[in-house]
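Okay, structure first, notes after.
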Amino acid sequence: MRWSQYPVNTTKETPADAEVVSHQLMLRAGLIRKLAAGLYTWMPLGLRAMRKVENIVREEMDRAGALEVLMPGAIPAELWAESGRWDKFGPELLRFKDRHERDFCLGPTHEEVITDIARSDLKSYRQLPVNFYQIQMKFRDERRPRFGVMRAREFLMKDAYSFDITPEGMAKSYDAMYAAYTAIFTRLGLKFRSVVADTGAIGGSKSEEFHVLADSGEDAIAFSDGDDYAANLEMAVAMPPSTPRPAPGAAMAEVATPGAKTIEDVANLLKLPASQLVKTLLVDGAEGGVVALLVRGDHELNAVKAQKLPGVLSPLRMSSSDSITKATGAEPGSLGPVSFAGKVYADHSVVALADFVCGANRNGTHLTGVNWGRDLPEATAVDIRNAVAGDPSPTGKGTLGIARGIEVGHVFQLGQKYSESMGSTVLGENGKSAVTYMGCYGIGVTRVVAAAIEQNHDARGIIWPDAIAPFQVVVVPLNAVKSPRVRETADRLYNELRAAGYDVLLDDRDERPGVKFADSELIGIPHRVVVGDRGLEAGKLEYRHRRAEAAEEFPAGDALAFLRSRLGN
RNA sequence: CGGGGCAUGGCGCAGUCUGGUAGCGCAUCUGCUUUGGGAGCAGAGGGUCGCAGGUUCGAAUCCUGCUGCCCCGACCA
């Protein structure tokens with residue numbers, strides 16, 4: 001492609017409303033253009049990168065034996081009523097009526113449609129297992145779209161759905177997808193990690209997420225340095241302390257703590273570490289009332305774990321200050337489990353404390369030297385905190401570290417949730433009808449592009465992994481207007497590289513060198529060849545990888561051979 | 001959904017408090033010079049100041065209503 005014929009609008013200034021670096025760079029490099037909140041046009045350069053991702057995903061899905069289909073974006077409401085999700089899904093589902101006043105929605109995901117296909121087209125166990133996938137625009141009316149295409153309302157997604165006759169078959173289909181995902185993200189050249197995930201509202205027995213590792217990631221993931229254990233922080237098991245609870249060493253005493261409402265305040269006032277304090281959080285109970293959740297002062301409550309406890313309202317809701325005062329007689333900041341009337345759940349690390357500090361359920365008052373069994377009944381010991389770096393791994397090998405990641409894929413074993421409610425059955429070997437077992441598997445294609453940039457950039461711009469780069473190599477002639485030799489050499493090299501099958505961009509614009517260098521670095525082309533009079537004088541061209549510290553010269557004579565060695569294939 | 005903020009040329013902003021007929025930088029176009037790290041000079045084009053009412057001799061500026069967008073939180077899987 002000749003740059004002079006290609007609409008690449010780069011800007012020096014960062015648009016004011018772009019927060020994360022991938023969003024800023026995508027706008028500055030002219031990859032995307034915003035149309036409305038969460039809606040973006042993919043410009044030619046950006047679309048090339050997106051297509052590279054899409055093609056790798058397609059190739060690996062095909063290789064894994066999945067079959068590509070394309071389902072409609074608009075879906076009739078009846079189908080969603082069948083699965084029960086028309087009522088349950090909430091305002092994320094964009095609903096509208098057609099000219100006949102019939103209800104439709106824009107598909108945020110396609111379980112219903114594919115299950116409808118399955119129940120009408122799959123009749124016999126002999127047709128299974130089968131895995132259908134599509135690569136298509138999804139629409140979710142996010143309350144707050146942000147971070148550019150990372151959390152947009154419309155986004156390109158690969159979604160796949162497997163059907164099996166047995167749970168074992170489903171597990172096998174799932175494993176095949178897991179392997180395909182590993183191959184995909186490896187080929188894309190991204191640093192990634194798969195983690196055990198919460199099955200959440202979708203339900204099902206097993207789920208793993210694939211995260212691209214990046215400091216700016218929205219999700220925290222915990223991983224062991226001793227083996228391959230890795231889990232979303234929501235799911236990461238926080239182990240009980242290995243040392244037993246010490247014997248009581250102090251008597252329980254009241255201490256005045258006026259105005260000290262946070263753990264930090266109280267710890268400073270009493271000159272104690274936060275780990276000796278107990279944080280008491282009141283949440284709404286499943287059948288009204290409140291439940292007390294205790295975590296150590298230096299720990300955080302894990303909402304996903306807590307809302308699974310018997311008697312706790314799901315989704316988790318912190319109690320209002322009214323019901324807190326009603327239940328304890330005190331306000332948040334002075335709450336504690338001693339003399340608390342309701343159900344108390346304590347994190348393992350809290351149960352292991354002796355002589356701890358907690359609120360006295362009287363404003364401005366705390367208790368010190370509190371001990372389980374003596375000053376209050378033993379509480380139910382549970383895991384309700386976020387794991388922290390340094391925790392022992394739940395597998396017993398190594399300790400946990402915390403990293404940040406961007407969720408780009410997930411795989412789910414759905415079981416019979418949709419096949420049951422929508423009647424996807426086939427005739428089994430025994431001639432009896434059997435409900436199919438489903439799996440579903442997603443990859444956010446557009447999000448992968450943004451995640452690749454989050455993970456691969458520097459102060460000058462994007463650094464595309466070779467597999468995603470819109471162009472593999474850029475040829476930069478300097479001052480070609482004045483030098484026919486430069487122009488001819490660059491043209492010849494451009495044609496040779498194209499003939500050899502590379503995606504080449506020729507910067508044939510009449511711009512000054514600084515502009516060309518800055519632009520090629522901003523748009524992140526991984527390989528660059530500079531053609532200048534200075535080098536040609538000595539029969540040399542100049543090569544530089546986008547990550548390299550410095551350029552290297554090579555003979556202009558057998559340029560193609562040299563570049564093959566640098567570009568690969 | 002709660003709180004806060006913004007809306008002036010393609011982009012980034014000033015002007016609004018104190019009303020007087022719109023300006024700067026980048027980008028774009030023309031010419032000359034320049035050419036190994038975002039050039040210089042000279043000139044040019046481009047804006048119903050988010051929309052609708054109102055006050056006034058006069059509104060980007062004051063008042064009312066609406067819309068869009070951004071940020072923080074909650075929510076969502």
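All values derive from a computational prediction rather than experimental measurement. The sequence lines fix the lettering, A, B, ..., with proteins before strands; numbering per chain opens at 1.
B/A39 and B/U33 make up a base pair, with Watson-Crick or G-U wobble contacts both under 3.5 Å. Pairing partner, B/C51: B/G65, with both Watson-Crick or wobble hydrogen-bond distances short of 3.5 Å. A 3.5 Å limit on both hydrogen-bonding distances identifies B/G73 as the Watson-Crick or G-U partner of B/C1. A 3.5 Å limit on both hydrogen-bonding distances identifies B/C24 as the Watson-Crick or G-U partner of B/G12.
Side-chain atoms of A/Arg544 and base atoms of B/G36 include no donor and acceptor less than 3.5 Å apart. A donor and an acceptor atom sit less than 3.5 Å apart, one in the side chain of A/Glu234 and one in the base of B/A77. Taking only distance into account, the side chain of A/Asn479 never meets the base of B/G36 through a donor-acceptor pair shorter than 3.5 Å. Between the side chain of A/Arg146 and the base of B/G73, no donor-acceptor pair of N or O atoms lies under 3.5 Å. No hydrogens or angles were tested; on distance alone, a donor-acceptor pair under 3.5 Å links the side chain of A/Glu542 to the base of B/G36.
A distance of about 50 Å separates the P atoms of B/A42 and B/C66, rounded to the whole Å. B/U18 and B/G31 are spaced 50 Å apart, taking the P atom of each and rounding to whole Å. Rounded to a whole angstrom, the distance from the C1' atom of B/C51 to that of B/C6 is 16 Å. Straight-line distance between the C1' atoms of B/C17 and B/A27: roughly 32 Å, to the nearest whole Å. A gap of 39 Å separates the P atoms of B/A14 and B/U33, to the nearest Å. Atom name P, nucleotides B/A52 and B/U67: the rounded distance is 15 Å, in whole Å. Comparing the P positions of B/U8 and B/G15 gives a spacing of 14 Å, expressed to the nearest Å.
Within the structure, every side-chain polar atom (N or O) of A/Lys12 is placed at least 4.0 Å from both OP1 and OP2 of B/G25. Contact between the side-chain N/O atoms of A/Arg512 and the OP1/OP2 oxygens of B/A39 is found at a separation under 4.0 Å.
The two residues A/Ile462 and A/Arg546 have their closest heavy-atom pair at O-NE, 3.2 Å.
The side chain of A/Arg534 sits closest to B/G36 out of B/G37, B/C69, B/G36.
For the pair A/Leu301 CG and B/A74 P, the computed distance is 13 Å after rounding to whole Å. The distance from atom CG of A/Asp519 to atom P of B/A27 is 11 Å, rounded to the nearest whole Å. In this structure, CZ of A/Arg151 is placed 13 Å from P of B/C75, rounded to the nearest angstrom. As rounded to whole Å, 15 Å separates atom P of B/G10 from atom CE of A/Met43. A straight line from OH of A/Tyr543 to C1' of B/G36 spans 19 Å, rounded to a whole angstrom. Note: CG (A/Asp141) to C1' (B/C1) measures 13 Å, nearest angstrom. One can place CG of A/Leu27 at 13 Å from C1' of B/G12, the figure rounded to the nearest angstrom. Between the NE2 atom of A/His23 and the C1' atom of B/C70 there is a distance of 11 Å, rounded to whole Å.
A side-chain contact (heavy atoms from CB on, under 4.5 Å) with A/Tyr40 is found for exactly one of A/Leu35, A/Val149, A/Leu31, namely A/Val149.
With A/Trp86 as the aromatic partner, A/Arg95 meets the cation-pi criteria of under 6.0 angstrom to the ring centre and within 45 degrees of the ring axis. Annotation: cation-pi pair A/Arg447/A/Phe155 absent, no NZ/CZ under 6.0 Å from the ring centroid and within 45° of its normal.
Among the atoms of the strands shown, none is found under 4.0 Å from any heavy atom of A/Glu407. Looking at heavy-atom distances under 4.0 Å, A/Lys516 makes no contact with the nucleic acid at all. If you check every strand for non-hydrogen atoms under 4.0 Å, A/Arg33 touches sugar and phosphate atoms only.
In this structure, A/Val531 and A/Val476 have side chains that are not in contact, with every pair of non-hydrogen atoms separated by 4.5 Å or more.
Relative ring orientation between A/His545 and A/His527 is described as perpendicular, the plane-to-plane angle rising above 60° on a 0-90° scale split at 30° and 60°.
Side-chain N or O atoms of A/Gln455 include one that pairs as donor or acceptor with a backbone N or O of A/Leu213 at under 3.5 Å.
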